[in-house]
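One structure is given here, and the rest of the page talks about it.
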Amino acid sequence: MTKITVAKGDGIGPEIMDATLDIILAAGAKIEIEEIEVGEKVYLQGNTSGISTDSWEIIRRNKVFLKAPITTPQGGGYKSLNVTTRKFLGLYANVRPCKSLSPFVQTKHPIMDIVIIRENEEDLYAGIEHQQTDEVVQCLKLISRPGCEKIVRYAFEYARQYGRKKVTCFTKDNIMKQTDGLFHQVFDEIAREYPEIENEHWIIDIGAAKMADTPEAFDVIVMPNLYGDVLSDVAAQIAGSVGLAGSANIGEECAMFEAIHGSAPRRAGQNLANPSGLLQGALMMLTHIGQTEVAEKVQNAWLKTIEEGIHTYDIYKEGTSKQKVGTKEFAKAVIANLGNKPNTLKPVSYAKNTTLHLPKYQRRPAAQKALVGVDVFVHWAGNNPDDLAEMVKKIENKNVKLSMITNRGIKVYPDGFKETFCTDHWRCRFKPVENKTISKNDIIEVLSNALVENIDAIKTENLYSFDGKDGYSLGQGQ
Ligand code: NAD
């Protein structure tokens with residue numbers, strides 16, 4: 001018996017959760033349920049993250065959390081419960097299988113069977129955003145080596161455990177050489193440890209186009225957070241419907257399982273919603289807690305039910321479907337099929353033990369880190385970069401000199417193009433004078449000089465090299 005935390009959520013949540021629990025309990029799931037309340041009601045009671053301290057205690061104690069979708073109230077000030085849960089509990093891997101059920105659920109991609117493994121904690125989701133000038137705001141994209149190693153290793157271990165043949169990595173490292181570059185580099189490093197699994201890397205734009213057009217060319221795809229967020233919805237939709245896909249959020253200690261769709265408030269309370277997405281999440285949960293036989297039994301009964309054309313409204317199609325049913329009737333049909341296997345669709349057969357054993361992240365010895373320059377960001381409402389350069393040169397000191405100015409990343413000084421559009425946000429790069437080194441004192445002096453010269457320095461970024469390799473990108477056009 002495994003104790004799990006259950007939240008029935010908002011909108012269609014309670015209906016699809018009841019249906020899901022009915023099915024898995026009827027199949028013999030050995031679970032003890034501890035229910036908590038999260039979501040809209042909790043938000044509206046004044047709790048900005050939609051969950052109480054007591055509920056956190058329960059989730060952390062039980063470690064396995066089955067969550068129905070929740071409604072985030074409109075208006076500012078409410079934090080996404082999903083993002084908070086993933087990050088608080090260190091649920092670094094988001095696993096979303098997307099498989100078509102052709103010819104029983106309409107899709108343009110009848111032989112699609114992919115698993116998207118999305119990094120779940122980093123990237124632009126760190127939520128570190130600032131307004132720096134009248135015209136410019138920024139969002140920090142944070143990518144860490146442990147984050148990359150954990151997710152990429154998870155993808156390969158998943159492929160190995162589930163008999164998948166290939167792992168593909170999507171990034172945009174032709175543009176984001178440091179952040180996406182690290183993700184790609186770690187992918188290549190770890191891929192070498194799994195010679196039996198094919199590996200490849202695609203630039204995300206053409207990779208996404210290929211996935212939407214020819215998903216059968218892919219097997220497991222691993223990617224940073226934002227790309228994974230977008231593309232897993234695309235993958236679920238082109239497989240048949242977002243209403244059919246479940247997702248697992250896996251951490252070293254805890255795990256959360258859910259449907260990928262939201263709370264569909266307009267469908268709530270009408271016995272209309274398809275419980276399949278949450279059911280798929282619950283089956284991943286059963287696999288996670290070692291109850292693979294139950295998961296297998298339910299999945300085959302579910303496939304059989306889909307195959308029989310017993311469909312909820314969202315996947316119902318004249319001609320293909322046989323019977324349009326509500327949430328409860330669908331659950332009853334799946335329960336009636338427990339023990340049966342599909343005839344046309346491939347029955348599933350899960351290995352007894354699908355637990356993934358991932359090594360703990362090992363920190364590497366620190367590299368030789370040297371300060372090699374500084375970028376000083378300046379708020380200035382002028383137009384001519386040469387004028388700004390004249391001003392900024394006044395804040396140089398004996399060790400560091402202005403080497404370049406960029407605007408939105410494009411080099412505008414020296415030798416800029418007059419056609420380049422400029423905002424009021426300028427990055428002024430200072431590098432050491434020949435045969436000199438730079439220290440933090442030089443940076444402080446440059447900033448003090450800026451104060452005297454009335455230059456509005458809004459932030460600095462130190463430029464470092466690590467073991468002699470530059471840890472920063474060049475200006476575009478440099
Ligand atoms: P949604 O996924 O709730 O609905 C999108 C469309 O899909 C609607 O037409 C809906 O009727 C349909 N749909 C979704 N699930 C269905 C199901 N199981 N059966 C049949 N049809 C289904 O997305 P939305 O309308 O953008 O968001 C509604 C609320 O859900 C918002 O408050 C949003 O913040 C929240 N949300 C929560 C989660 C989560 O808790 N994981 C995820 C996404 C959105």
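Atoms within a ligand are numbered from 1 in the order they appear, just like the ligands themselves.
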Note the single closest protein heavy atom to atom 41 (N) of ligand 1, along with its residue, its atom name and the distance in Å. Asn82 ND2, 3.0 Å
Do we see a donor-acceptor contact under 3.5 Å between the side chains of Tyr316 and Gln323? no
Where ligand 1 meets Pro265 - atom numbers and elements under 4.0 angstrom, heavy-atom basis: 28 (C)
What are the atoms of ligand 1, with element, lying closer than 4.0 Å to any heavy atom of Ala273? 19 (N)
Only counting residues at least two apart or in another chain, list the ones meeting ring-ring contact (aromatic ring centres under 6.0 Å, His included) with Tyr43. Tyr78
Matching residue for Asn120 among Asn249, Asp229, Asn82, Asn225 - test: side chain to side chain donor-acceptor pair (under 3.5 Å): Asn249
For ligand 1, the portion of Ile12 having any non-hydrogen atom under 4.0 Å away: side chain
Could you check, using the six-membered ring where one of them is a Trp, whether Phe156 and Phe187 have ring centers closer than 6.0 angstrom? yes
Within 4.0 Å of atom 5 (C) of ligand 1 (strictly less), any protein heavy atom? no
protein heavy-atom neighbour closest to atom 29 (C) of ligand 1 works out as Ser263 OG, 3.2 Å
Counting heavy atoms under 4.0 Å, the part of Thr312 that contacts ligand 1 is neither
Taking 4.0 angstrom as the limit and counting only heavy atoms of Thr72, give me the atoms of ligand 1 inside it, by number and element. 32 (O), 34 (O)
For atom 34 (O) of ligand 1, decide whether some protein heavy-atom distance is shorter than 4.0 Å. yes
Ignoring hydrogens and angles, state whether a donor on the side chain of Thr423 or Asn407 is under 3.5 Å from an acceptor on the partner side chain. yes
In plain terms, say whether Asp233 and Arg96 are close enough for a salt bridge, that is, a side-chain N and a carboxylate O under 4.0 Å apart. yes
With a 4.0 Å cut-off, would you call Asp123 and Lys141 a salt bridge? yes
Atom 26 (O) of ligand 1 protein-contacted (non-hydrogen atom, under 4.0 angstrom): no
Quick one: which of Ser247, Gly262, Gly281, Gly243 has a heavy atom closest to atom 38 (C) of ligand 1? Gly262
Counting only N and O atoms by type, is there a donor-acceptor contact under 3.5 Å from the side chain of Thr327 to the main-chain atoms of Ala273? yes
Charged N to carboxylate O below 4.0 Å: is that the case for Lys67 and Glu35? no
In this structure, atom 7 (O) of ligand 1 is nearest to the protein heavy atom Val242 CG2, 4.8 Å
Aromatic contact, Phe170 with Phe218 (centres under 6.0 Å): yes
Note: ligand 1 atoms sitting under 4.0 Å from heavy atoms of Lys67 are 40 (O), 41 (N)
For Lys63, does the NZ atom sit with more than 12 other heavy atoms under 6.0 Å from it, leaving out its own atoms? yes
Under 4.0 Å to a heavy atom of Glu258 - the qualifying atoms of ligand 1, by number: 41 (N)
If you scan protein heavy atoms around atom 9 (O) of ligand 1, the nearest is Arg266 NH2, 4.1 Å
Applying a 4.0 Å heavy-atom criterion (strictly less than), which segment of Arg267 is in contact with ligand 1: side chain, backbone, both, or neither? side chain
Residue, atom and distance of the protein heavy atom nearest atom 3 (O) of ligand 1 read Ala264 N, 2.7 Å
Show which atoms of ligand 1 fall inside a sub-4.0 Å distance from at least one heavy-atom site of Tyr313. 11 (O), 20 (C), 21 (N), 22 (C)
The single option from Leu279, Val6, Ile16, Leu278 passing side chain to side chain contact (heavy atoms under 4.5 Å, CB included) against Leu21: Val6
Of Ile70, Thr85, Asn274, which has the heavy atom at the shortest distance from atom 18 (N) of ligand 1? Asn274
If you count the atoms of ligand 1 from 1 in the order shown, which ones are under 4.0 Å from a heavy atom of Thr71? 32 (O)
